[in-house]
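Just so it is clear, the model here is predicted, and its values are computed rather than measured. All values below come from the heavy atoms of this structure, side chains included, with hydrogens, waters and symmetry mates left out. Sequential numbering from 1 along the given sequence is applied to the chain's residues.
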Amino acid sequence: MSMIAKLNEFYDETAHKHPSPMRCETARSMMIAYADRWEKEDKTTRVRGIEVPFKIALPVPDDLPNWAKPTKPRYIGGIIDSILERDGRLLLMDLKTVKQLSDEYFKELYTSYQMTQYSLALYCAGYDKVS
């Protein structure tokens, strides 16, 4: 089965359950465009997840004074746009759209901590081969 067929099968099963069906369909079209290109060029790339939610519990330091300790757990969370696998390594993708490219756009990508959070989420889930 082709990657595009697998993507469509995945979305057909999950899109109606997604809280934002339009966002889900936008992600589907982006991933199909990606798959159409890379399926022809790279037969080793596999889609492992689309719109994958994550939540990482933040630790409370032992030396934190009692008055400063939170009364409930604190988390970092989000949604990973897509996870691909190539040659046994997981590749994280964050899909971005922009009306016009500018230096500010690339500056924001370079300084964004979003991909670091995604990598940390997969590492906490037990994956150590993340790019």
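- When all heavy atoms are compared, the tightest approach of Pro61 to Pro59 is CD-O, 3.7 Å.
- Sorted by first and then second residue, the ring pair (Phe, Tyr, Trp, His ring centres under 6.0 Å) pairs involving residues 58-81 (not counting sequence neighbours) form an empty list.
- Interatomic distance, CZ of Arg48 versus OG of Ser82, reported as 13.0 Å (0.5 Å rounding).
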*Applying side chain to side chain contact (heavy atoms under 4.5 Å, CB included), run through Leu92 and Ile80 and close with a yes or a no.*
CA-CA 7 Å; Leu92 303 172; Ile80 301 171; 4.2 Å; yes
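- Side-chain atoms of Gln117 and Tyr113 include no donor-acceptor pair closer than 3.5 Å.
- Taking CZ of Arg89 as the start and CG of Leu84 as the end, the distance is 13.5 Å to the nearest 0.5 Å.
- We find the CZ-CD1 distance between Phe54 and Ile79 to be 9.0 Å, quoted to the nearest 0.5 Å.
- For Thr116, there are no side chain to side chain contact (heavy atoms under 4.5 Å, CB included) partners, not counting sequence neighbours.
- In this structure, the side chain of Tyr118 does not engage the main chain of Ile83 through any donor-acceptor pair within 3.5 Å.
- Residues meeting the side chain to side chain contact (heavy atoms under 4.5 Å, CB included) test with Leu120, sequence neighbours left out: Ile56, Cys124.
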